[in-house]
Each structure stands twice: as C-alpha cells, then as structure tokens.
There are 2 protein chains.
Amino acid sequence: MNFCSHCGAPVTVRIPAGDSHPRHVCAACGAIHYQNPKVVVGCIPQWQDKVLLCRRAIEPRHGLWTLPAGFLENDETTIQGALRETLEEAGARVEMLDLHTLFNLPHVNQVYVMFRGNLLDTDFGPGEESLEVALYEEKDIPWDELAFPVIEQTLRLYFQDRKSGKFSIHTGDIVRLPGEARRYETRMLREKQKR
Amino acid sequence: MNFCSHCGAPVTVRIPAGDSHPRHVCAACGAIHYQNPKVVVGCIPQWQDKVLLCRRAIEPRHGLWTLPAGFLENDETTIQGALRETLEEAGARVEMLDLHTLFNLPHVNQVYVMFRGNLLDTDFGPGEESLEVALYEEKDIPWDELAFPVIEQTLRLYFQDRKSGKFSIHTGDIVRLPGEARRYETRMLREKQKR
C-alpha cells in the first residue's frame with residue numbers, strides 16, 4: 001500500500017494513538033487503513049465412502065488436488081460461501097452438515113473454515129478454476145499431489161473421524177517452519193484442553 | 001475506495017474477467033482491490049460459576065457490556081488474538097479451552113470466533129477500551145445492557161451448555177432484519193443437520 005484509497009495522498013506506516021500495531025495512515029485525510037486476515041471457506045463433499053476433490057486449473061499449485069474452497073465474500077455467511085465455492089469449482093450441490101475444521105494459517109494471514117456436506121447427486125463437473133473433479137475413496141486419495149498442507153490435514157481428520165464413528169469439530173494452526181524449504185507443522189488445540 | 005492504493009490512480013467498480021463479483025479495479029496499473037469480511041476473535045473468561053464482562057469505553061455502544069473481543073490481526077492465530085484482546089480489554093490472563101461459537105454477521109461483514117477460557121487469577125482490570133470489568137453469575141448478567149446481539153447469543157449458549165453438563169461448538173448466523181429498527185434474527189445451523 002503506497003497511496004490512500006480514500007483521498008489519493010501518499011500513506012506512511014506508523015502506530016496510531018491508542019493502537020498497538022503499525023498501520024498505513026494517511027497524513028492528508030487521517031484515514032487509517034487496516035489490513036486483516038481473510039477467511040477461506042470450503043467443503044468436504046461426501047458421497048457414500050468417497051469425497052469429491054478438484055484438480056486446480058489456476059496458480060498457485062496448478063495441477064494439484066484440493067477441496068472446493070475460496071475467499072469468503074462480503075455479504076455472505078461462511079456456509080453460503082462454502083456452497084458457492086462448491087458450485088463454482090466442482091459444479092456440485094451439497095447439503096451442508098456441520099463445521100469440520102477451523103485452521104489458522106498465520107504465515108499467509110488466512111483462517112480456513114471447512115464444513116462437511118452431503119452431495120445431493122453425482123451431476124458434477126469442473127468449473128473454470130478446475131481441470132477435473134472426481135470422487136475418491138480414502139485409499140485412492142492422491143496424498144502426494146494435494147495442493148496445500150491444510151487440505152491434507154482436513155482430509156486426514158475427516159477420515160479419522162469417520163473411522164471413529166463420530167465427527168467432531170477440530171481447531172488448530174498450520175505453521176510454516178523457518179527456512180527455504182516449504183515445511184509446515186500442525187498444532188491442534190490440545191485434546192486435554194477440550195474437557 | 002476512490003484511489004488505487006498501489007499507484008494512486010482513480011479506481012472504477014467492475015467485474016473482472018473470470019470473476020463473479022464487482023471489484024474496485026485500477027485502470028492505470030490493473031490492480032484488483034478485494035474487500036472481504038473480517039474476523040472478530042474473543043473469549044468467554046470463566047471463573048467458578050461466573051464470567052468476566054467488560055463495559056465499553058468506546059463507540060459503538062459506549063457504556064454497554066460485552067465480552068473481550070476484537071479484530072484478528074495479521075500474523076496471529078485466532079487463539080493468539082483472543083488472548084491478546086482478553087489482556088488488552090480486561091487485563092485478564094486465561095488458559096484457552098475450546099472453540100465455543102462461530103457466528104456470521106453478514107450485515108457488517110464479520111465472522112465472530114469465540115473461545116471459552118479459564119481465568120488464571122482474579123487480578124484483572126479495565127484496559128483503555130473498557131470503563132470497568134466484572135465477574136457475573138448468570139442471574140446477574142445485565143442482559144438488557146449488552147452491547148451486541150452476538151454477545152447475548154454467545155452468553156446464552158454458554159450458560160445453556162453449562163446447565164446441560166456438556167460444552168459443544170455452535171455455528172450460526174445473526175441476521176439484521178429489514179427496516180429502521182435494530183432487529184436481529186439468530187439462525188443456528190440446524191441441530192438435525194449435525195447428525
């Protein structure tokens with residue numbers, strides 16, 4: 001951010017009075033431009049013992065597999081956003097069930113909110129942002145070709161819950177470890193704290 | 001938004017190619033300026049049979065009671081944000097337990113993420129944004145002087161869970177009804193869908 005989106009004057013970075021964080025502030029009109037994390041909403045569309053995955057037609061991670069998900073828009077709820085993304089990316093209609101995971105990705109300033117959903121039919125197909133969409137049993141999931149660590153963790157928790165016979169809601173962080181290599185650590189809200 | 005925050009040229013509102021929503025787009029440099037909902041994170045600090053409330057020293061809703069909560073910042077997780085707000089607004093230290101509620105407030109483009117926390121001690125006190133902080137039993141909660149509908153719903157679910165002997169995680173929407181009056185409807189993700 002270089003210019004004030006309100007008046008067009010140059011902005012500077014400083015901590016406003018009464019604030020604790022540096023902000024982009026306009027010296028001309030006084031506007032403070034906050035930058036905050038974004039919410040990514042998505043769905044695990046389930047059909048019998050399978051889940052629906054999409055192969056990405058866009059960067060980042062072109063050609064890799066993911067669950068339908070995208071940025072929450074203004075004026076919509078997380079469930080409306082998850083329904084919209086599932087329709088846009090996978091051409092699929094679902095009945096949303098419960099919240100499944102809330103993952104923090106602080107290294108990219110994102111909060112992932114994923115729901116479980118029942119596919120209403122198998123009349124699905126790739127949207128503009130997908131190369132193909134397909135149903136996968138657990139044993140056939142392309143684990144080595146998933147687009148993002150948060151998708152792998154979401155799917156592992158899903159199949160773990162399904163094996164246990166009880167779905168629960170999982171909260172945790174996916175933290176990028178220091179260094180050049182893309183290495184991540186998953187830290188779940190400790191189970192002992194849950195009780 | 002009137003000017004491009006990247007290059008300072010005037011922006012126009014249009015639907016970019018391949019997009020479904022109108023965006024602020026810069027004709028000079030091509031930047032697309034997305035606007036998305038913000039996450040509000042907070043805590044229900046519990047101590048024996050009481051919860052800690054703060055009386056607001058700032059607008060909106062100056063003088064009314066609320067739970068410690070505020071906008072999630074970049075580079076932090078929802079739990080880190082909830083810990084920070086609890087310290088800033090109530091001078092209180094908590095051990096975070098589990099997620100309690102995820103509420104969508106589409107009329108103000110906010111997603112509220114509230115956790116339950118155990119107060120570590122009773123050495124708390126008002127921060128700059130609070131007039132006073134105090135512990136309340138359920139029967140003494142100032143229900144008619146709460147700042148926001150989402151705070152009332154969060155507290156009602158909390159005490160309902162506590163009575164039932166089992167805490168669960170609740171997802172729902174708080175929708176502002178049409179008309180001049182401030183009237184809201186709470187729509188929880190239906191219990192029957194949860195199974």
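The sequence lines fix the lettering, A, B, ..., with proteins before strands; numbering per chain opens at 1. Everything numeric here is computed off the predicted structure, so don't read it as measured data.
Ranked by non-hydrogen atom pairs under 4.5 Å with chain A, the options B:V39, B:N118, B:L105, B:D173 are led by B:D173. Between chain A and the options B:E129, B:E128, B:Q35, the largest number of non-hydrogen pairs under 4.5 Å is found for B:Q35. Among B:K166, B:K38, B:Q80, B:E73, the residue making the largest number of heavy-atom pairs under 4.5 Å with chain A is B:E73. Note on A:V175, A:V108, A:N109: by heavy-atom pairs under 4.5 Å with chain B, the leading option is A:N109. With respect to chain B, the highest number of heavy-atom pairs below 4.5 Å among A:G18, A:P10, A:G8, A:A31 belongs to A:G8.
No chain of hydrophobic side-chain contacts below 4.5 Å, direct or via other Ile, Leu, Val, Met, Phe, Trp or Tyr residues, connects B:Y112 to B:L64. By the criterion of side-chain heavy atoms lying less than 4.5 angstrom apart, applied directly or through intervening Ile, Leu, Val, Met, Phe, Trp or Tyr residues, A:V51 is not grouped with A:L87; the two fall into different hydrophobic clusters. In the hydrophobic clustering of this structure, A:I58 does not group with A:L67; members are Ile, Leu, Val, Met, Phe, Trp, Tyr whose side-chain heavy atoms approach within less than 4.5 Å, directly or through other members. Note on A:L146 and A:F159: same hydrophobic cluster, where clusters join Ile, Leu, Val, Met, Phe, Trp and Tyr whose side-chain heavy atoms are under 4.5 Å apart, directly or indirectly. There is no path of hydrophobic side-chain contacts, each under 4.5 Å, that joins A:V40 to B:I32.
Between B:C7 and A:N2 the shortest side-chain heavy-atom distance does not fall below 4.5 Å. Side-chain contact between B:S5 and A:M1: present, with at least one pair of heavy atoms (C-beta onward) separated by less than 4.5 Å.
Surrounding NE2 of B:H6 are at most 12 heavy atoms belonging to other residues, nucleotides or ligands under 6.0 Å away. Counting non-hydrogen atoms of other residues, nucleotides and ligands closer than 6.0 Å to CG of A:D121 gives a total above 12. The environment of CZ in A:R156 is crowded: more than 12 heavy-atom neighbours from other residues, nucleotides or ligands sit within 6.0 Å. By the neighbour-count criterion of 12 heavy atoms within 6.0 Å, atom CG of A:D140 is densely surrounded, having more than that number from other residues, nucleotides or ligands.
Only the side chain of A:V113 comes within less than 4.5 Å of a heavy atom in chain B; its backbone stays farther off. Residue contact with chain B, scored on non-hydrogen atoms closer than 4.5 Å, involves the side chain of A:N104 exclusively. Residue contact with chain B, scored on non-hydrogen atoms closer than 4.5 Å, involves the side chain of A:L102 exclusively. Heavy atoms closer than 4.5 Å to chain B are found in the side chain of A:H21, but not in its backbone. Contact annotation for B:D75: both backbone and side-chain heavy atoms come within less than 4.5 Å of a heavy atom of chain A. Contact of A:E88 with chain B is made through the side chain alone, with heavy-atom distances under 4.5 Å. Contact of B:R187 with chain A is not made at all, since no heavy-atom distance falls under 4.5 Å.
Going from atom OG1 of B:T171 over to atom CE of A:M96 covers 12.0 Å, rounded to the nearest 0.5 Å. We find the CG-CG distance between B:L99 and A:L99 to be 7.0 Å, quoted to the nearest 0.5 Å.
Closest of all the heavy-atom pairs between B:N74 and A:N36 is OD1-C, 3.1 Å.
Of the listed residues (A:V111, A:T77, A:L72, A:V41), just one forms a side chain to side chain contact (heavy atoms under 4.5 Å, CB included) with B:V111, and that residue is A:L72.
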